[in-house]
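Counting starts at 1 for both ligands and their atoms, following the listed order.
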Amino acid sequence: MHCLLLIGLLSSAIGLRWMVSRHPYSGQKKGPMFGDFEAQRHWMEITVNMEPNEWYQNSTMNNLSYWGLDYPPLTAYHAYLCGLVSNMLNPSWCKLNESRGHESSEHKLFMRYTVTKKITTLMTLLFCPLLYLIDHGHFQYPL
Ligand SMILES: *[C@@H]1O[C@H](CO)[C@@H](O)[C@H](O)[C@H]1NC(C)=O
Ligand SMILES: *[C@@H]1O[C@H](CO)[C@@H](O)[C@H](O)[C@H]1NC(C)=O
Ligand SMILES: *[C@@H]1O[C@H](CO)[C@@H](O)[C@H](O)[C@H]1NC(C)=O
């Protein structure tokens, strides 16, 4: 029973994501700031190319007025991990100071994948303990 529940939740998460992805994302082709999508990409660019102690400091290479990192370090490290993968796949996706508003379709696909992965991971983390309780606490089948 819990497998069906999990599959249902995951496929609705992925389905929702898919429906959203068929429409332009917020900020697409809207310079100079673009949008949330660009903010996520920019954080990857900053964290991959700069030392952690420079992430929150305004400088010529890190203009904090342009999507400065304003989330706690955990988010920054998440951006860093995604950025490492992004950098491996295609360095132009997070080339510091040269990739603003980067909008190739491969990069879009990559960004969508990181978001979908996040939702899946979150769901798994949220629901596994719950499923465990249901399985082993409340509704134990007589053997
Ligand atoms: C950061 O520095 C730039 C100049 O390099 C400036 O234009 C911008 O307003 C500064 N932003 C903040 C948040 O201090
Ligand atoms: C920093 O970013 C802000 C917002 O995009 C922009 O208005 C400003 O001119 C930038 N400063 C520099 C030095 O690039
Ligand atoms: C960053 O890029 C802008 C425009 O592409 C350029 O004018 C500026 O000199 C660059 N800044 C640095 C520090 O390379």
Side-chain angles (χ1 to χ4, degrees), residues 1-140:
M1 167 272 191
H2 69 268
C3 281
L4 282 181
L5 181 66
L6 192 62
I7 289 166
L9 287 167
L10 289 182
S11 47
S12 49
I14 292 165
L16 187 68
R17 195 64 219 158
W18 181 77
M19 284 189 287
V20 172
S21 75
R22 299 184 66 221
H23 298 283
Y25 49 83
S26 81
Q28 185 168 12
K29 295 194 171 63
K30 291 201 187 83
M33 296 298 280
F34 303 95
D36 292 349
F37 186 93
E38 168 64 6
Q40 301 274 340
R41 193 208 56 74
H42 180 65
W43 295 339
M44 293 185 195
E45 156 188 70
I46 292 298
T47 51
V48 163
N49 291 288
M50 305 191 89
E51 297 300 320
N53 64 357
E54 300 173 313
W55 292 352
Y56 296 93
Q57 264 165 27
N58 202 27
S59 64
T60 46
M61 292 310 278
N62 185 15
N63 180 353
L64 288 185
S65 301
Y66 185 81
W67 299 119
L69 262 167
D70 52 1
Y71 284 95
L74 197 62
T75 311
Y77 278 102
H78 179 255
Y80 176 63
L81 290 179
C82 294
L84 286 179
V85 178
S86 168
N87 214 17
M88 249 160 45
L89 294 173
N90 188 337
S92 77
W93 291 349
C94 50
K95 201 156 192 185
L96 190 59
N97 197 39
E98 281 175 29
S99 52
R100 284 194 182 179
H102 184 96
E103 289 182 344
S104 74
S105 48
E106 291 81 16
H107 182 254
K108 259 183 268 182
L109 199 66
F110 167 73
M111 292 295 278
R112 278 184 187 133
Y113 183 68
T114 62
V115 177
T116 313
K117 270 288 281 284
K118 234 186 300 182
I119 293 174
T120 319
T121 311
L122 186 71
M123 291 285 231
T124 313
L125 287 177
L126 278 179
F127 288 102
C128 272
L130 191 65
L131 292 171
Y132 186 83
L133 278 181
I134 292 173
D135 249 15
H136 299 267
H138 241 79
F139 303 107
Q140 258 182 20

- Message: Checking Asn63 now: which residues fulfil side chain to side chain contact (heavy atoms under 4.5 Å, CB included) with it, not counting sequence neighbours?
- Response: Asn58, Ser65, Tyr66, Arg100
- Do the ring planes of His107 and His102 sit parallel (below 30°), tilted (30 to 60°) or perpendicular (above 60°)? perpendicular
- Partners passing side chain to side chain contact (heavy atoms under 4.5 Å, CB included) against Ala39 (at least two apart in sequence or in another chain): Trp43, Trp67
- Task: Would you please write out the protein residues whose heavy atoms approach any atom of ligand 2 to under 4.0 angstrom, listed by chain and number?
- Result: Met33, Asn63, Ser65, Tyr66
- Message: Would Phe37 and Glu103 count as a side chain to side chain contact (heavy atoms under 4.5 Å, CB included) here? Give the steps.
- Response: CA-CA 10 Å; Phe37 186 93; Glu103 289 182 344; 5.6 Å; no
- For the side chain of Asn87 and the backbone of Val48, is there at least one donor-acceptor N/O pair under 3.5 Å apart? no
- Report the residues that fulfil side chain to side chain contact (heavy atoms under 4.5 Å, CB included) with Leu96, sequence neighbours left out, ordered by chain and then residue number. Glu45, Ile46, Asn49, Met50, Met61
